[in-house]
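Working notes, structure below.
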Amino acid sequence: MTASFISAPEPTGLLARLTDTDREQLSAALQELLVHGSILGLEPGSAELYAWSRQNLDWLKEIAALTGLEVRCEHESRFIQAMPKSASLLIKLKQDETLVLLALWYEYDTQVRDQGAAEVQLSIEHLNRLLKEKLLPELKSVPTETRMREILRLAERKNLVRLKIESSFEATLIKVLPSLKTVIPFRDLEEWVQTAVLHQKVESEGEVQEEAV
């Protein structure tokens, strides 16, 4: 008895037009978006992938759409962002995680809008002060060092910040990336204030909830 094998069908459509190199780049770009949420062209080692993705943005958009992601290019800041189109793909943030990101958004907006900063950095000591003074004036305590590390590492994995670790934890520097502005897309400071007030109310009532970002 002779075994017969059916060969796999030849690729058609988009895949048929891709070279092996392009397929590798497309796969790498999609994986980067799925894992980290964005491709940062100014990051060491990401410039080539960003350049390929921008040049072939239609391909990336077409493939990413199959996974429920909308791809946007912010060339002025040199990054490509993936935004979930389905609620099931949103990151579920705990209350303290949401508060930290709100504080980072506030600092980014303030430094860029009021001071014309090209790069936004702040220390963890400054971040804790923001949490107490701007977000939660009645807050008895900020997140513990262990919890703050967890929150900031999550933000770093999602390409929202970069950390420069110092010997003193409070002196550790947080570089806020422009991608944070698209993940938390407030139109202006007034909209930020409205959201902050809601979280002040939740905190004062002692509730625990999750936010989708």
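FYI, side chains are in, hydrogens and waters are out, and symmetry mates aren't considered; it's all heavy atoms of this structure.
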Does atom [atom1] of [X] have more than 12 heavy-atom neighbours, drawn from other residues, nucleotides or ligands, at distances under 6.0 Å?
| X | atom1 | result |
| --- | --- | --- |
| Glu76 | CD | no |
| Asp114 | CG | yes |
| Glu150 | CD | yes |

*Would you sort out whether Phe79 and Ile39 count as a side-chain contact (heavy atoms from CB on, under 4.5 Å), showing the intermediate values?*
CA-CA 5 Å; Phe79 72 89; Ile39 300 169; over 6 Å; no
*Begin with the C-alpha distance, continue with both residues' side-chain angles, and end with the deciding distance and a verdict on side-chain contact (heavy atoms from CB on, under 4.5 Å) for Leu30 and Leu34.*
CA-CA 6 Å; Leu30 184 59; Leu34 288 171; 4.1 Å; yes
Side-chain heavy atoms nearer than 4.5 Å, only ILVMFWY residues, links allowed to pass through others: does that put [X] and [Y] together?
| X | Y | value |
| --- | --- | --- |
| Leu104 | Ile165 | yes |
| Leu40 | Val120 | no |
| Leu42 | Leu173 | no |

Measure the shortest side-chain to side-chain distance between [X] and [Y] over non-hydrogen atoms and say whether it is less than 4.5 angstrom.
| X | Y | value |
| --- | --- | --- |
| Leu160 | Leu177 | no |
| Ile124 | Phe169 | yes |
| Asp109 | Lys181 | yes |
| Val161 | Lys175 | no |
| Val183 | Trp105 | no |
| Lys164 | Thr172 | no |
| Met148 | Asn128 | yes |
| Lys85 | Leu69 | no |

Restricting to salt bridge (Lys or Arg N to Asp or Glu O under 4.0 Å), what partner residues turn up for [X], sequence neighbours left out?
| X | result |
| --- | --- |
| Arg149 | Glu145 |
| Arg72 | Glu70 |
| Glu43 | Arg162 |

*What orientation do His75 and Tyr50 show, parallel under 30°, tilted 30 to 60°, or perpendicular over 60°?*
parallel
*Between Ser27 and Gln31, is a side-chain hydrogen bond (donor to acceptor under 3.5 Å, both in side chains) present by the stated rule, with each step listed?*
CA-CA 6 Å; Ser27 175; Gln31 290 179 55; 2.9 Å; yes
_Ignoring hydrogens and geometry beyond distance, is a side-chain donor-acceptor pair present between Glu170 and His126 at under 3.5 Å?_
no
*With distance as the sole criterion, is a donor-acceptor pair present between the side chains of Asp22 and Trp52 under 3.5 Å?*
yes
For the side chain of [X] and the backbone of [Y], is there at least one donor-acceptor N/O pair under 3.5 Å apart?
| X | Y | answer |
| --- | --- | --- |
| Gln111 | Gln121 | yes |
| Thr67 | Ala64 | yes |
| Asn159 | Ser38 | yes |

*asked:* Let's go through Asn56 and Leu26 carefully: what are the C-alpha distance in whole Å and the side-chain angles of both, what is the deciding distance for side-chain contact (heavy atoms from CB on, under 4.5 Å) to 0.1 Å, and is it a yes or a no?
replied: CA-CA 9 Å; Asn56 300 283; Leu26 181 57; over 6 Å; no
*side-chain contact (heavy atoms from CB on, under 4.5 Å) between Glu74 and Ile80, intermediate numbers included*: CA-CA 6 Å; Glu74 300 283 344; Ile80 292 173; over 6 Å; no
*With a 4.0 Å cut-off, would you call Glu97 and Arg147 a salt bridge?*
yes
